[in-house]
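Worksheet: one structure, shown below.
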Number of protein chains: 2
Amino acid sequence: MKTYDYLLSYGVKPSVQRIAIMDYLLEHRTHPSIEEIYLALCDDIPTLSKTTVYNTLKLFVEHGAAQMLTIDERNVNYDGDVSLHAHFLCKKCNKIYDLPAAHEEDRMEQFNMNGFAVQEIHQYYKGICPMCAASKEELS
Amino acid sequence: MKTYDYLLSYGVKPSVQRIAIMDYLLEHRTHPSIEEIYLALCDDIPTLSKTTVYNTLKLFVEHGAAQMLTIDERNVNYDGDVSLHAHFLCKKCNKIYDLPAAHEEDRMEQFNMNGFAVQEIHQYYKGICPMCAASKEELS
DNA sequence: AAAGAAATTGTAATAGTTACAAATTTAAAA
DNA sequence: TTTTAAATTTGTAACTATTACAATTTCTTT
C-alpha cells in the first residue's frame, strides 16, 4: 500500500512531510528519535522544521499510526510497528531491539476487571545486547 | 530495619540527605519524581539542593536500592520497591499504580539464550485508572 | 586539631520539548 | 478561475528536566 493511503487508513491527512516521516518510520525499524528523523529528512526536505516532526509524530500516535516508546530516559523513540511486541534497550550501545511479546490476554482481563482500562501495553527489557556482549569478550 | 542500616545493606554510605530521600521513597509509594521528593524534603532540610536529589537517586539505582521508571515521558519516576511488579500510568490523573507482575522466568531464559542479557524488566500499562473512570461517568 | 576524602550545594550550561505567531500551502466557495 | 477560509508548516522563543562543575561544607582519619 502506498504511504499516502496508509496514512488515510489511519485517518491522517497526507502531506509531503507526513508521508516522508511515515516512510522513514516504516523503512527504518531502528525506533528513531525525533532528532534522528529530523536529521535524516533534512536532506530531502530542506525546509523541514523540527516542530513539524514533533507535531506529526504526536498526530500519528493520536491516530494509532505509530507508537511512542519511553524505554530510554534520555529521549522518546517512535515505532511505526504498532503491533504488540517487546523492546530491549542495550545499555551499552543504546540500540533498541524488537523481541516477541508476552501474551497478555489473561492479564488484561484481570486488570480490566479491577477497573484499570488498559489502552497501552509496554514490555521493556534493558541489559546488554548480543553484539555488545560479544565485543566485550574480545577485550578480555 | 532502620533506614541507616537499610542503606548500608545496599552498600550506600548513609547521610542525612540520603536517609531522608530513602525514607521518602519507602514511605510514599507514589513513585515520586525528583521534583516531588525535592519539594517534600525542603521543609525538613532547608539547604537541600536539587542536584543532591539527582545524585542520590542515581546512586540508589546503581546500588539496587531503588528503581527508575520511564513510564511517563514527561519525567523520570523512582520506586523504592525493587521487587518485580508492573506499573500502570493513568493518562488522566498521571498517577502511577502498582500491579502484580507477569511471570517472566521462561521468557528470560529464552532471551538470554538468544544473547540478550536482561538486567531490568519493565512492565508498563497506560490507560484510565478506576478513580478517573468513575469520575468520568459522573459527568455524563 | 589538621589534613584529606567524600558529600553537598549553587550556578550555569545543555538537551529535549512545547508554545505560539507568522508564513505557507491546501481546500472550498463564489 | 479568483477569492476566501482552513489547515499545515515553519522559526523563534520559552520552558522543563537534567547534567557539569567548581566551591563549599561535612565527615574521617591521623
Side-chain angles (χ1 to χ4, degrees), chain A residues 3-4 7-8 10-24 31-63 65-78 89 91 94 96, chain B residues 3-4 7-8 10-24 31-63 65-78 89 91 94 96:
Chain A
T3 308
Y4 183 95
L7 288 176
L8 281 179
Y10 279 102
V12 173
K13 199 165 121 192
S15 74
V16 173
Q17 291 84 348
R18 289 171 181 179
I19 290 170
I21 293 171
M22 192 75 242
D23 266 337
Y24 189 87
H31 316 91
S33 63
I34 293 284
E35 185 75 9
E36 179 180 336
I37 299 170
Y38 173 71
L39 291 176
L41 299 183
C42 269
D43 292 334
D44 285 328
I45 310 172
T47 64
L48 185 66
S49 166
K50 202 177 272 188
T51 300
T52 300
V53 183
Y54 275 99
N55 290 341
T56 303
L57 284 161
K58 192 181 169 202
L59 188 78
F60 287 176
V61 170
E62 284 166 0
H63 285 76
Q67 78 177 126
M68 178 195 285
L69 307 182
T70 61
I71 192 173
D72 190 339
E73 74 263 23
R74 299 175 312 162
N75 54 34
V76 158
N77 296 274
Y78 291 91
L89 171 66
K91 287 185 176 183
N94 292 310
I96 297 174
Chain B
T3 308
Y4 183 95
L7 287 176
L8 281 179
Y10 280 102
V12 173
K13 199 166 121 193
S15 73
V16 172
Q17 290 83 350
R18 289 172 181 178
I19 289 171
I21 292 171
M22 193 75 241
D23 266 337
Y24 189 87
H31 314 92
S33 63
I34 293 284
E35 184 75 9
E36 179 180 334
I37 298 170
Y38 173 70
L39 291 176
L41 299 183
C42 270
D43 292 334
D44 286 327
I45 310 172
T47 64
L48 186 65
S49 165
K50 202 178 272 188
T51 299
T52 299
V53 184
Y54 275 100
N55 291 342
T56 302
L57 283 161
K58 193 182 170 200
L59 188 77
F60 287 177
V61 170
E62 285 166 358
H63 285 75
Q67 78 176 125
M68 178 195 284
L69 306 183
T70 61
I71 192 173
D72 189 340
E73 73 264 22
R74 298 175 312 163
N75 54 33
V76 158
N77 296 273
Y78 291 91
L89 171 67
K91 288 186 176 182
N94 292 310
I96 298 174

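Proteins get letters first, then strands, A, B, ... in listed order; numbering begins at 1 in each. Side-chain atoms are counted along with the backbone in the values below, which use heavy atoms only and exclude waters and symmetry mates.
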| request: Give a yes or no answer on whether the side chain of A/T56 reaches the backbone of A/T52 with a donor-acceptor pair at less than 3.5 Å. | output: yes
| Is there side-chain contact between B/I71 and B/H31, with heavy atoms separated by less than 4.5 Å? | no
| Bounds of contact between DNA chain C and chain B, in 5' to 3' order, using a heavy-atom cut-off under 4.0 Å | C/dA6 to C/dT11
| query | Nearest-Å distance, CG (B/L57) to P (D/dT19)? | reply | 11 Å
| Which residue pairs satisfy the salt bridge (Lys or Arg N to Asp or Glu O under 4.0 Å) criterion with at least one member in residues 68-77 of chain A, sequence neighbours excluded? | A/D72-A/R74
| query | Got more than 12 heavy atoms from elsewhere within 6.0 Å of NZ, B/K58? | reply | no
| said: With the threshold set at under 4.0 Å for non-hydrogen atoms, list the residues of residues 32-48 of chain A touching DNA chain D in residue-number order. | reply: A/T47, A/L48
| B/L57 vs B/I37, side-chain contact (heavy atoms from CB on, under 4.5 Å): CA-CA, chis, key distance, verdict | CA-CA 10 Å; B/L57 283 161; B/I37 298 170; 3.7 Å; yes
| field | Step-by-step side-chain contact (heavy atoms from CB on, under 4.5 Å) determination, B/E35 to B/N75 | value | CA-CA 9 Å; B/E35 184 75 9; B/N75 54 33; 6.0 Å; no
| said: Below the 4.0 Å mark, does D/dT19 have OP1 or OP2 next to a side-chain nitrogen or oxygen of A/R74? | reply: no
| Between P of D/dT16 and CG of B/N75, the distance in whole Å | 12 Å
| field | Interatomic spacing from CD1 in B/I19 to CD1 in B/I21 - rounded to 0.5 Å | value | 11.0 Å
| message | Return the OG1 to OH distance between A/T51 and A/Y38, rounded to the nearest 0.5 Å. | response | 9.0 Å
| Closest listed nucleotide, where the reference is the side chain of A/S49 and the choices are D/dT9, D/dT10, D/dT18 | D/dT10
| query | Could you give the CG-to-P distance, from B/L59 to D/dT19, as a whole number of Å? | reply | 14 Å
| request: Describe the nucleic acid contact of A/T51 in one word from base, sugar-phosphate, nothing, applying a heavy-atom distance below 4.0 Å. | output: base
| request: Using the closest heavy atom to pick a nucleotide of DNA chain D for each, name whichever of A/K13 or A/K50 lands nearer the 5' end. | output: A/K13
| message | Can you confirm whether B/Q67 sits close enough to B/Y78 that some side-chain heavy atom of one is under 4.5 Å from a side-chain heavy atom of the other? | response | no
| Any A/T52 side-chain nitrogen or oxygen under 4.0 Å from OP1 or OP2 of D/dT10 | yes
| Within the structure, does a side-chain N or O atom of B/Q17 lie under 4.0 Å from either OP1 or OP2 of D/dT26? | no
| To the nearest Å, how far apart are A/E73 CD and D/dT19 C1'? | 13 Å
